[in-house]
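Every number for a ligand or one of its atoms is a count from 1 in the order of the listing. Only a predicted model underlies this, so the values are computations on that prediction, with no experimental measurement involved.
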Amino acid sequence: MTRTVYVNGSYLPEDQASVSIFDRGFLMADGVYEVTSVLDGKLIDFAGHARRLQRSLSELDIENPLSDDEWLTIHRELVRLNDIDQGMIYLQVTRGAPGDRDFAFPDPAVTKPTVVLFTQNKPGLADTPMAQKGLKVISIEDIRWGRRDIKTVQLLYPSMGKMMAKKAGADDAWMTEDGFVTEGTSNNAYIVKGGRIITRHLGNEILHGITRAAVLKFAAEAQMEVEERSFTLAEAADADEAFITSASMFVMPVVELDGAAIGTGKPGPVATRLREIYLDESRKQAI
Ligand code: PDD
């Protein structure tokens, strides 16, 4: 089945969809994105992703080209057209294609944002064996720009981080700045010590994960203790357990850091329980 994608108002077969070579997303990484997961054909935390999209666009002075209802309609239509049971919807908005290359932003009255959405079909997304195994991570220096709270398409360093991890025989990298862990290359990072869940506080240094917000809420409802503060690599190495969260991985245990086991070296009880709660609750609330 050929994938149907959405480009600037049209649903098209993927091989017929195109954007201009002058698009500022292509030339300057001048754009933002969202990834929303789909379980049982329904969208997980759509409202959270729509809110963060609005915030990312506002921070970059790009006008949101569509209303939340219009975004929702497109997401649902792509799920339907591509018959997605489990997977993801990728959404990207760029400042558009002014027809030439110029550092200055184009006049928004003339150049309209480019909108692209496509589905990624991932059967078994919620039941991946990785959740039983846990991830191995390495640590790398965080050399990204200072506005990581904006979900821009500048993903070169995170891609390089994944490749460094791969080369080291690991699954992902945790980035550190001034000795403290910021986040994973495409996820938020957590440790557990003495039953307490520790994850970095919000700020410009990390992406404000939609899964993070939901997981912290569920953790508090389950009477788990949560501390939002920076933690060091040494604390992570000495933790009882660790995990990450993201829209595509949900809650995923981390069992190894820089070649040494974290805790027992197996997925821990807190991460395992939070994964179950997160999947149950977000499935119930999916739309
Ligand atoms: N990544 N931190 C970074 C740097 C991310 O790229 C992501 C998401 C997260 C987690 O955010 P959320 O829970 O809202 O997915 C944290 C997406 C999944 C991606 O790039 O594919």
Just the distances, no angles: every ligand 1 N or O to protein N or O pair closer than 3.5 Å, one line each.
from	atom 1	to	atom 2	distance (Å)
ligand 1	1 (N)	K151	NZ	3.3
ligand 1	1 (N)	S186	O	3.3
ligand 1	2 (N)	E183	OE1	2.6
ligand 1	13 (O)	I210	N	3.4
ligand 1	13 (O)	T211	N	3.0
ligand 1	13 (O)	T211	OG1	2.6
ligand 1	14 (O)	R52	NH1	2.8
ligand 1	14 (O)	R52	NH2	2.9
ligand 1	14 (O)	I210	N	2.8
ligand 1	15 (O)	A247	N	2.8
ligand 1	20 (O)	Y33	OH	2.6

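- Counting only distance, with no hydrogens or angles, the side chain of Q16 and the backbone of P13 share no donor-acceptor pair below 3.5 Å.
- Side-chain contact, K162 with T185: a donor N or O sits under 3.5 Å from an acceptor N or O.
- Residues passing the ring pair (Phe, Tyr, Trp, His ring centres under 6.0 Å) test with Y6, sequence neighbours excluded: Y11.
- Of the residues listed (F250, W174, Y190), the one engaging F243 in a ring pair (Phe, Tyr, Trp, His ring centres under 6.0 Å) is Y190, and it is the only one.
- Closest approach of T199 and A189 over heavy atoms only: OG1-O, 2.7 Å.
- Atom CZ in R55 sits 13.0 Å away from atom NZ in K151 (nearest 0.5 Å).
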